[in-house]
Amino acid sequence: MAKDYYAALGVGADASPDEIKKAFRRLARESHPDANPGDPGAEARFREVAEAYEVLSDPRRRAAYDRGDTLDLGDLFGGFGGGGLDDLLRSVFGEGGLFGGAATGGPPRGRDVLTRVNISLEDAAFGSPVDVKFRTLVRCDVCEGSGATPGTERQTCPTCQGTGAQRVARRGILGTMMSVTTCATCQGSGEVIADPCDACLGRGTTQQERSVRVEIPAGVDTGTRLRLNHEGEAAGRGGRAGDLFVEVQVVPDERFDRQGDDLVHRTSVGIAEAALGATIDGPLWGGESGEVEIPAGTQPGWVARLPGQGMTRLGRRGRGDLLVVVEVEVPTHLSEEEEDLLRRFAELRKEQPAGRKRRWI
């Protein structure tokens with residue numbers, strides 16, 4: 001065996017026909033000369049994997065190869081001429097071409113548009129409709145997107161005969177290879193305009209500002225992208241509009257810090273309230289408040305959990321929790337009476353605070 005075709009495709013000798021085809025599809029895209037411009041060795045690598053596939057994909061040739069018989073390589077691909085290799089590629093990749101995006105005719109699609117919208121944390125929690133504004137191409141009102149002056153008609157493209165695609169032949173050491181490309185004359189629409197619309201200069205689109213209402217789902221977070229099909233850039237001459245992507249930016253809320261589906265609210269209590277216990281108000285959505293019981297002996301960093309008062313869970317039922325974090329506030333300025341009381345308290349607890357200092361005014 002002069003050549004190891006299995007090694008060329010990266011498969012084992014027991015590989016199934018589907019595995020061989022899958023390996024060739026991957027390696028053909030990687031090694032094709034069009035994917036490696038300026039690489040003089042690309043055609044040789046492509047020929048090697050194509051030759052390996054042509055042998056191993058044919059049961060008769062594969063059996064002869066496995067037996068070690070001498071193969072007549074002159075019969076491969078019709079001798080690398082007459083479109084034989086092109087026929088092979090079409091049989092594997094279809095008419096769409098080696099890279100899966102070759103032109104198949106028809107008007108081009110509009111580009112996708114990305115815009116951003118700022119929403120409040122409360123709107124993120126419960127969802128809300130918002131209007132987003134952006135500049136993009138829209139269908140020309142004068143010609144209704146046709147690109148032709150009203151009253152005139154578009155004509156079949158003489159280059160591609162209305163298919164929107166051209167087959168281009170390229171010769172190399174592999175012989176003649178055919179590829180399908182978008183028609184350069186009509187840009188894939190299959191039609192040409194003899195009398196272009198004055199408003200859009202034959203493009204079928206004009207630049208304008210649009211406003212689109214977007215339903216923000218409950219539970220979104222900063223970075224969430226919403227996709228609106230066919231709301232992006234318009235494509236003239238009957239083409240389909242692109243999509244609109246709306247990226248959400250949630251504005252920070254002074255009351256809450258978000259931690260996933262939970263919310264954190266930080267509050268302070270005095271020394272006496274922490275020691276003796278107290279009832280405080282915690283903020284809730286809609287301007288309301290809920291009571292939080294602070295137990296006697298509360299330490300700094302104590303957390304009260306209010307179930308179901310946090311963020312809506314995106315795409316799921318229920319809401320997260322509200323966590324009220326309590327910090328104990330130590331006074332920085334004391335009146336003489338407050339200082340005396342604290343010193344008496346220290347004596348009862350056998351604590352030794354610093355000596356009396358002159359009070360700051």
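The first residue of the sequence shown is numbered 1, and numbering continues consecutively from there.
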### Message
Using the rule given for side chain to side chain contact (heavy atoms under 4.5 Å, CB included), can you reason through D198 versus V142, listing the C-alpha separation, both sets of side-chain angles and the distance that settles it, and then say yes or no?
### Response
CA-CA 9 Å; D198 291 335; V142 176; over 6 Å; no
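- In this structure a side-chain-to-backbone donor-acceptor pair under 3.5 Å is missing from T205 to C140.
- Contact annotation: the side chain of C186 approaches that of C160 to within less than 4.5 Å [non-hydrogen atoms, C-beta and beyond].
- Taking the six-membered ring for Trp and thresholds of 30 and 60 degrees, W285 and F126 have ring planes more than 60 degrees apart, a perpendicular arrangement.
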### Query
Would Y6 and D66 satisfy side chain to side chain donor-acceptor pair (under 3.5 Å), going step by step from the backbone distance to the final call?
CA-CA 10 Å; Y6 292 108; D66 289 341; 2.8 Å; yes
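- Neither side chain, D195 nor T152, offers a donor N or O lying under 3.5 Å from an acceptor on the other.
- Under 3.5 Å, the side chains of H230 and R240 contain a donor-acceptor pair of N or O atoms.
- Within the 3.5 Å criterion, the main-chain N or O of P252 finds no donor-acceptor partner in the side chain of E254.
- Tracing side-chain contacts under 4.5 Å through hydrophobic residues (I, L, V, M, F, W, Y), one reaches I119 starting from V132; they form part of the same cluster.
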### Worked check of side chain to side chain contact (heavy atoms under 4.5 Å, CB included) between L284 and L322
CA-CA 9 Å; L284 302 177; L322 171 60; 3.9 Å; yes
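- D253 places a side-chain N or O within donor-acceptor distance of the main-chain N or O of R255, the cut-off being under 3.5 Å.
- Crowding of R313 atom CZ: a count of heavy atoms from other residues, nucleotides or ligands under 6.0 Å exceeding 12.
- A donor-acceptor pair under 3.5 Å links the side-chain atoms of R258 to the main chain of G260, judged by distance alone.
- Between E30 and R45 no salt bridge is recorded (no basic side-chain N to carboxylate O distance below 4.0 Å).
- For the 3.5 Å distance criterion, the side chains of T206 and Q208 qualify, holding a donor opposite an acceptor.
- A salt bridge does not link K133 with E209: every distance from a Lys NZ or Arg NE/NH1/NH2 to an Asp or Glu carboxylate oxygen is 4.0 Å or more.
- Partner V246 forms a side chain to side chain contact (heavy atoms under 4.5 Å, CB included) with one of V214, V113, L114 and no other, that one being V214.
- Using a 4.5 Å heavy-atom threshold, the side chains of L263 and L121 count as touching.
- The main-chain N or O of G308 is found under 3.5 Å from a side-chain atom of D321 such that the two form a donor-acceptor pair.
- Between Q155 and E153, the side chains place no donor N or O within less than 3.5 Å of an acceptor N or O (distance only, hydrogens not considered).
- Between the side chain of R319 and the backbone N or O of P307 there is no donor-acceptor pair closer than 3.5 Å.
- Side chain of E338 to main chain of S335: a donor-acceptor pair is present (N/O by atom type, distance under 3.5 Å, no hydrogens or angles).
- Between V326 and I294, the closest side-chain pair of non-hydrogen atoms falls below 4.5 Å.
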### Derivation of the side chain to side chain contact (heavy atoms under 4.5 Å, CB included) call for V303 and V324
CA-CA 5 Å; V303 178; V324 180; over 6 Å; no
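- The closest side-chain donor-acceptor pair between R60 and Y65, if any, does not fall under 3.5 angstrom.
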### Task
Carefully, step by step, assess E233 and D112 under the rule side chain to side chain contact (heavy atoms under 4.5 Å, CB included).
CA-CA 6 Å; E233 180 183 272; D112 295 335; over 6 Å; no
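- A side-chain donor-acceptor contact under 3.5 Å links Q207 to the backbone of T136.
- Surrounding CD of Q249 are more than 12 heavy atoms belonging to other residues, nucleotides or ligands, all under 6.0 Å away.
- Listed for the E273 side chain is a donor-acceptor partner under 3.5 Å among the backbone atoms of G270.
- By the 4.0 Å N-to-carboxylate-O rule, E347 lies too far from R343 to be salt-bridged with it.
- Distance check, rounded to the nearest 0.5 Å: CD of E293 to OG1 of T279 gives 3.0 Å.
- No side-chain donor-acceptor contact under 3.5 Å links D262 to the backbone of G320.
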